[in-house]
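Source: prediction; values computed, not measured.
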Amino acid sequence: MKKKSIVTICLGLSSLLGGNALATEPTTAVASGVAQDTETLRVALRDSILEQISGAQIPERQLNITSFGAKGDGKKDCFTAFTKAIRKATKQGGARIVVPAGTYYIQGPITLADNVCLDVQEGATLKFAPEAQYYPMVNTSWEGTFLYNYSPMIYGYGLKNVSIIGKGTIDGNCMTTFATWRKDQNADRQLSRDMNHQEVPVADRRFGEGHILRPQLIQLYNCSNVTLEGVKITNSPFWCIHLLKSENIICRAIRYDAKLANNDGIDPECSKNILIEDIHFDNGDDNVAIKSGRDNDGWQVATPSENIVIRNCHFKGLHAVVIGSEMSAGVRNVIVENCDFDGYCKRGIFVKTNPDRGGFVSNLFVKNCTFGDVEDLFYVTSQYAGEGLTNHHFSTVENIFVDGLKCRKASAAAVVVQGTAQKPVRNVELKNIEVEEAKIGLSIDHAIDVRMSDCHIGGRVGVPSQITAKDNLFGRDEKK
């Protein structure tokens, strides 16, 4: 019944816009009178998405990690203690594993199980060993390509009812190891992409030892009913939280101090029904990056990221909310509302794809978001990085609605909408955009039906001035 309500609203959106908001390759022939109905649609869609989201059921039964031999002295290896605690929790049908104050050094990954909650309490730190040798290969993905690689430091596959809560800290501790690999990763990155394009079986895509693709800090793969709440995240090897082919997820009140290379905050990929709220970001890359697989892998998995609400967040980092560029299975039904900034963001809202990707982006709603100084405030491009421009996998980008977006200064551009001649961006509504200062106010290429109202870029203009002696109107004529 709940699923039907979202479908009904999306079909209503499609009917109003003349397209198909649920199709794999949506197309739109825009109807008149859209503007007066988009707010009603936004609220209805948001509320219907929220009805689908409950997160995890937190078990009442508690197990104290110290009962399994763990010591919070920052020295003793607690890997075995966490393994034993999770094994016992599984035998009992689930439990909350309580980690009291202290620093718990862990030589290897924490591999979660059904109905397990990690309660990292205030004053507690999970500090992972930084050496790659402790992280065996697991089924995972890397930048949108499915493969086998080093295990994430906290990993769950095919699970239900998993949670990580508390006010403690999760420390990847990888400053001297994984974090140094980026400069040398190009060969392995290209190998993974070649395997993707050549459709090499995933079982034969073996990375890990002898390769240098960094693992994620936390990855939940093919999981449902998930809650991540309260913890602080720092020193991640790569992406901080990767939600891969998972659903019914709450990410709430997480805090970041994650400034190493590619420390994205939250990456939903091929995942759905997600609430991201009250997060304090401070990241060395994107705050939220919504993805759905890269190129051939994305087309084959054909699982869009959809039904995502991002609200009441405080942005700080490279980009605030990004869709792409790994989005080949599509992204739809994303709502960003009532967010502000804690510091610099290079770009505020950034939708990026190119003719290598295919896929679609449909039904993005931005409401009441404020930034300070940015390079670009709002940037939609189908020509990302200037790549793939001779390819033919053009992306469908349509149904983008902004109502209330502000910044103090855009050092490059305030608003950019950039499609391709072969497949223009369609149906963009821009309302109540306020930018005090911008080098370039507006740049639109290959876009159909872009509507603007109540937008002020470079300040507001008052009533027109009246003629005065300074105009020297007649004196100018005499000089000719």
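One N or O on the side chain of Asp171 and one on the backbone of Asn173 form a donor-acceptor pair closer than 3.5 Å. For the pair Tyr150 (side chain) and Gly208 (backbone), a donor-acceptor distance under 3.5 Å is present. Of the possible donor and acceptor atoms, none in the side chain of Asp286 sits under 3.5 Å from a partner among the backbone N and O of Val288. Although no hydrogens or angles enter the test, the distance criterion places a donor-acceptor pair under 3.5 Å between the side chain of Ser271 and the main chain of Ser246. Side chain of Asp342 to backbone of Phe315: no donor-acceptor contact under 3.5 angstrom is found. When atom types are taken as modelled, the side chain of Thr180 and the backbone of Thr177 share a donor-acceptor pair closer than 3.5 angstrom. In terms of modelled atom types and a separation under 3.5 Å, the side chain of Asn248 and the main chain of Gly55 share a donor-acceptor contact. Using a distance-only test at 3.5 Å, with no hydrogens or angles considered, no donor-acceptor pair links the side chain of Asp77 to the main chain of Ile106. For Trp142 (side chain) and Arg189 (main-chain N/O), no donor-acceptor pair under 3.5 Å exists by modelled atom type. Counting only distance, with no hydrogens or angles, the side chain of Asn391 and the backbone of Asp356 share no donor-acceptor pair below 3.5 Å.
Between the side chains of Thr227 and Ser163, not a single donor N or O lies within less than 3.5 Å of an accepting N or O. Judged purely by distance below 3.5 Å, without hydrogens or angles, the side chains of Gln418 and His446 never pair a donor atom with an acceptor atom. For the residue pair Asn262 and Arg214, a side-chain donor N or O sits within less than 3.5 Å of a side-chain acceptor on the partner. Side chains of Asn333 and Asn307: a donor-acceptor N/O pair is present below 3.5 angstrom, by distance only. Between the side chains of Asn296 and Glu199, at least one donor-acceptor pair of N or O atoms lies under 3.5 Å. The closest side-chain donor-acceptor pair between His197 and Asp295 falls under 3.5 angstrom. Side-chain contact, Asn399 with Asn427: a donor N or O sits under 3.5 Å from an acceptor N or O. Neither side chain, Ser236 nor Gln216, offers a donor N or O lying under 3.5 Å from an acceptor on the other. No side-chain donor from either of Glu209 and Gln133 sits under 3.5 Å from a side-chain acceptor of the other. A donor and an acceptor atom, one from each side chain of Gln190 and Asn186, are nowhere located under 3.5 Å apart.
Aromatic ring orientation, Tyr157 versus Tyr155: parallel (interplanar angle below 30°, classes split at 30° and 60°). Aromatic ring pairs are classed by plane angle as parallel below 30°, tilted from 30° to 60° and perpendicular above 60°; the pair Trp299 and His393 is tilted.
A 4.5 Å side-chain heavy-atom check between Leu112 and Leu220 finds at least one atom pair inside the cut-off. The shortest side-chain heavy-atom distance between Ile241 and Leu243 falls under the 4.5 Å cut-off. In this structure, Met153 and Ile218 have side chains that are not in contact, with every pair of non-hydrogen atoms separated by 4.5 Å or more. At a threshold of 4.5 Å between non-hydrogen side-chain atoms, the residues Val336 and Lys367 do not count as touching. In this structure, the side chains of Asp282 and Lys316 come closer than 4.5 Å at one or more pairs of heavy atoms. In this structure, Ile110 and Ile86 have side chains that are in contact, with non-hydrogen atoms separated by less than 4.5 Å. At a threshold of 4.5 Å between non-hydrogen side-chain atoms, the residues Cys313 and Ile276 count as touching. Taking 4.5 Å as the limit, some side-chain heavy atom of Phe128 sits within range of a side-chain heavy atom of Ile170.
Taking CD1 of Ile290 as the reference point, atom CD1 of Ile266 lies at 10.0 Å (rounded to 0.5 Å). Atom CG of Asp264 sits about 6.5 Å away from atom CH2 of Trp239, to the nearest 0.5 Å. Here the CG atom belonging to Leu377 is positioned 4.5 Å from the SG atom belonging to Cys407, to the nearest 0.5 angstrom. Annotation: the span from Asp445 atom CG to Thr381 atom OG1 amounts to 9.0 Å, rounded to 0.5 Å. Atom CG of Asn196 and atom CD of Glu143 lie 11.5 Å apart (nearest 0.5 Å). The distance from the CG atom of Leu217 to the SG atom of Cys240 is 6.0 Å, given to the nearest 0.5 Å.
For the pairing with Val301, the side chain to side chain contact (heavy atoms under 4.5 Å, CB included) check across Ser328, Ser141, Cys270, Ser292 returns one residue only, Cys270.
Electrostatic pairing of Lys409 and Glu436 does not count as a salt bridge here, judged by no charged N lying under 4.0 Å from a carboxylate O. Glu337 and Arg46 are joined by a salt bridge, as a carboxylate oxygen and a charged side-chain nitrogen come within less than 4.0 angstrom of each other. At a threshold of 4.0 Å, the pair Asp297-Arg193 does not count as salt-bridged, since none of the basic side-chain nitrogens sits closer than that to a carboxylate oxygen. A salt bridge does not link Asp114 with Lys160: none of the charged nitrogens is closer than 4.0 Å to a carboxylate oxygen. Salt bridge absent: Arg255 and Asp257 never bring a charged side-chain N and a carboxylate O closer than 4.0 Å. A salt bridge links Glu326 and Lys291; the closest N-O separation between the charged side-chain nitrogens and carboxylate oxygens is under 4.0 Å. Asp278 has no carboxylate O lying under 4.0 Å from a charged side-chain N of Arg252, or vice versa, which leaves the two without a salt bridge.
Scanning all heavy atoms of the two residues, the minimum distance from Cys369 to Asn338 falls at SG-N, 4.1 Å. Scanning both residues, Ala438 and Ile457, for their nearest heavy atoms gives CB-CG2, 4.0 Å. Annotation for Phe371 and Gly348: closest pair CZ-CA, 3.6 Å, computed over non-hydrogen atoms. Closest heavy-atom contact between Leu442 and Met452: CD2-SD, 3.7 Å. The nearest pair of heavy atoms linking Asp188 to Ile212 is OD2-N, 2.9 Å. The shortest heavy-atom contact between Ala124 and Val99 is CB-O, 3.5 Å.
Aromatic rings from Tyr256 and Phe281 are positioned such that their centres are separated by under 6.0 Å. Ring centers of Trp181 and Phe238: at least 6.0 Å apart, outside the cut-off. You'll find the ring centres of Phe365 and Phe401 inside the 6.0 Å limit.
More than 12 heavy atoms of other residues, nucleotides or ligands lie within 6.0 Å of NZ in Lys259, so this atom counts as buried by the packing criterion.
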Show your working on ring-ring contact (aromatic ring centres under 6.0 Å, His included) between Tyr379 and Phe350 and close with a plain yes or no. CA-CA 5 Å; Tyr379 204 124; Phe350 191 16; 5.6 Å; yes
Could you check His456 against Val435 for side-chain contact (heavy atoms from CB on, under 4.5 Å), going step by step and ending with a plain yes or no? CA-CA 6 Å; His456 305 275; Val435 180; over 6 Å; no
The test is side chain to side chain donor-acceptor pair (under 3.5 Å); show your working for Asn283 and Asn263 and say whether it passes. CA-CA 6 Å; Asn283 296 80; Asn263 273 196; over 6 Å; no
Working for side chain to side chain donor-acceptor pair (under 3.5 Å), residues Ser382 and Lys423: CA-CA 9 Å; Ser382 296; Lys423 187 167 280 190; over 6 Å; no
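Tyr148 carries Arg206 over the face of its six-membered ring, with the cationic atom under 6.0 Å from the centre and within 45° of the normal.
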